[in-house]
Structure formats: structure tokens, C-alpha cells
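Structure record follows, encoded as C-alpha cells.
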Amino acid sequence: MTPTTLSSAALFSPATLNALADALVEQGWFVGQNVIDAKLCHTLHHELEQLAHHNGLSEAGIGRGNAHHLRKDIRGDAIRWLNRESDAQRHYLAGMAELQQTLNQALFLGLFEYEAHFAHYPAGAFYQRHVDSFRGRANRVVSTVGYLNPEWPADGGGEMVIYHPEDPEREVARVVPEAGTFACFLSETVPHEVLPTRTARASIAGWFRRNASLGGILDPAR
């Protein structure tokens, strides 16, 4: 199946942007269905499938810099960082830039950068419960996940479970990885996990960052 022509429309509607900002303030997380345009999801999904088929992905690890290492018992996806090499990537990242502007204007978060990667979970893969930012060093402030799989089967597994910020044992949402669904949450305070998937699972994970460089030491994006 080949990619379809992309719409030039904005990624997010004004109503979605407002609802997302309100949800971050009220509960620390947002989940919306049919947020991302179906044609864009189709094109990005095709791009990720081609990368997976042609060994264009890298095994994901945990930690950053010298502390980065592979742990299949914790995380089993393979990734490719978005680099604007396709129209679909540029369209998605333009939408994230619009979201960044909205969050800065509405919530005064001081977000200055966005990074994102494709995430491909083969059958059986999972990601244990974690948070996306180091305590006291909120380099990653807001996390995003855009889902790309069309017609996700009811028994497909692979849901993202979101836990309560103040009670990490309490489940507050379970997100089915269906194309068009978009999730957003506070990186430092919202625990989450990816349950084992029974079929290949495709998404884009991303993070809005503040400049957390201290004492002339550069805080790396990855």
C-alpha cells in the first residue's frame, strides 16, 4: 500500500488544543481519539513499516549519554529519530510546533525544543512502567504519543497504561494504540507503561523540553 496525498490542514483543531491544555492543568494528562489526520497516520505508518523492513531502526535503550544501555527486559521497541526527511515528518513536526506555542502561551512552560522518534514494537514487546524525565531536572516537560496503526484488533494488546501522578499504583487511563489517537502528559510526574503487544505496534513518541543546561554543561536532547 502506498502513501496518500497529505492534507495541508493544521494537525490540531483549536478545540483540541484548548482541551489538551486544560487537561494538562486539571489532571496532568490528555488522551484524544481521531486527533491526527487519517491520511497523515497512513503515510507515517507506511514510512515506519519501510524502515522496519529495511533495517532502518535501532534498538531502543534506557538512560542517556554514558548511562545509555539496552535492557530488553525493560524495553523492547526499536526507534528512528524524526529528522524532517519526508513531507509527513515535516507535517507532524509542524503540528508539534503549534502545540508548543499553545502550551507556552497558555501554561507558561518555557518549552524551547521538541524531539521525537518512530517507535516500532514487534509482537511480544513491552515497556515497563516509568516516567520520562529525571526528578529535579525537568529537561523533558511534556511527553506526546501519536498512534499510527489502522484498525487495531481488540485482542492486540499494546495499550499504554497511564497511572495517577500521586498514586503510581492507580490506573487512570488505558490507551488503545489506534491510528489517530494522541496522548499527552507531564513527563516528570505521570508514570506510564506499554503492555505486551500481540502484533506490530507503531507510534511516534516525543518530548517538549526546557533548556536544563547548568553551569555551562550542555544538557543533551537524547
Side-chain angles (χ1 to χ4, degrees), residues 1-4 6 11 36-96 113-133 139-140 143-153 156-161 175-185 187 192-209 220-222:
M1 185 177 293
T2 57
T4 54
L6 297 178
L11 189 63
I36 306 172
D37 178 76
K39 290 182 179 179
L40 178 59
C41 286
H42 168 82
T43 305
L44 289 166
H45 185 249
H46 177 80
E47 185 173 340
L48 178 50
E49 283 189 319
Q50 291 299 304
L51 289 169
H53 181 71
H54 294 288
N55 297 317
L57 304 173
S58 300
E59 289 186 275
I62 60 173
R64 299 190 306 163
N66 293 333
H68 182 270
H69 55 285
L70 298 178
R71 287 288 304 273
K72 285 291 189 181
D73 58 321
I74 295 176
R75 178 180 185 180
D77 58 321
I79 68 171
R80 172 74 170 257
W81 291 94
L82 270 60
N83 59 10
R84 301 181 182 272
E85 64 184 347
S86 69
D87 287 342
Q89 288 191 31
R90 289 189 289 272
H91 191 126
Y92 189 87
L93 292 172
M96 295 303 110
E113 184 179 43
Y114 181 75
E115 58 180 356
H117 61 60
F118 285 118
H120 179 269
Y121 286 76
F126 57 90
Y127 195 161
Q128 289 186 3
R129 182 167 36 183
H130 63 286
V131 293
D132 284 346
S133 185
N139 54 312
R140 289 176 171 176
S143 302
T144 69
V145 187
Y147 295 96
L148 307 178
N149 284 93
E151 301 177 359
W152 188 257
E159 299 94 340
M160 181 174 71
V161 181
V175 186
V176 176
E178 179 73 46
T181 297
F182 184 79
C184 190
F185 50 89
S187 304
H192 56 286
E193 68 175 316
V194 176
L195 300 179
T197 185
R198 298 183 183 91
T199 188
R201 177 189 188 274
S203 63
I204 294 176
W207 301 269
F208 292 105
R209 305 175 71 247
R222 303 172 187 172

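The chain is numbered in sequence order, starting from 1.
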*Indicate the atoms forming the closest heavy-atom contact of G56 with R80, along with that distance.*
O-NH1, 3.0 Å

*Any donor-acceptor pair under 3.5 Å from T197 side chain to A125 backbone*: no

*To the nearest 0.5 Å, how far apart are CG in D37 and CG in L11?*
8.0 Å

*CG of D73: more than 12 outside heavy atoms within 6.0 angstrom?*
yes

_Over 60° means perpendicular and under 30° means parallel, so tell me whether Y114 and F208 are parallel, tilted or perpendicular._
tilted

*Can you establish whether the number of heavy atoms outside E85 located under 6.0 Å from its atom CD is more than 12?*
yes

*Gap between atom CZ of F185 and atom CE of M160 - 0.5 Å precision*: 5.0 Å

_Heavy atoms from other residues, nucleotides or ligands near NE2 of H53 exceed 12 (cutoff 6.0 Å)_ = no

*With distance as the sole test, does T43 use its side chain to make a donor-acceptor pair with the main-chain N or O of K39 at under 3.5 Å?*
yes

*asked:* Whether the side chain of R201 engages the backbone of G158 through a donor-acceptor N/O pair (distance < 3.5 Å, no angle test) should be reported.
replied: yes

*asked:* Between N149 (side chain only) and A202 (backbone N and O only), is there a donor and an acceptor less than 3.5 Å apart?
replied: yes

*Any chance you could measure Y121, atom OH, to I79, atom CD1, to the nearest 0.5 Å?*
10.0 Å

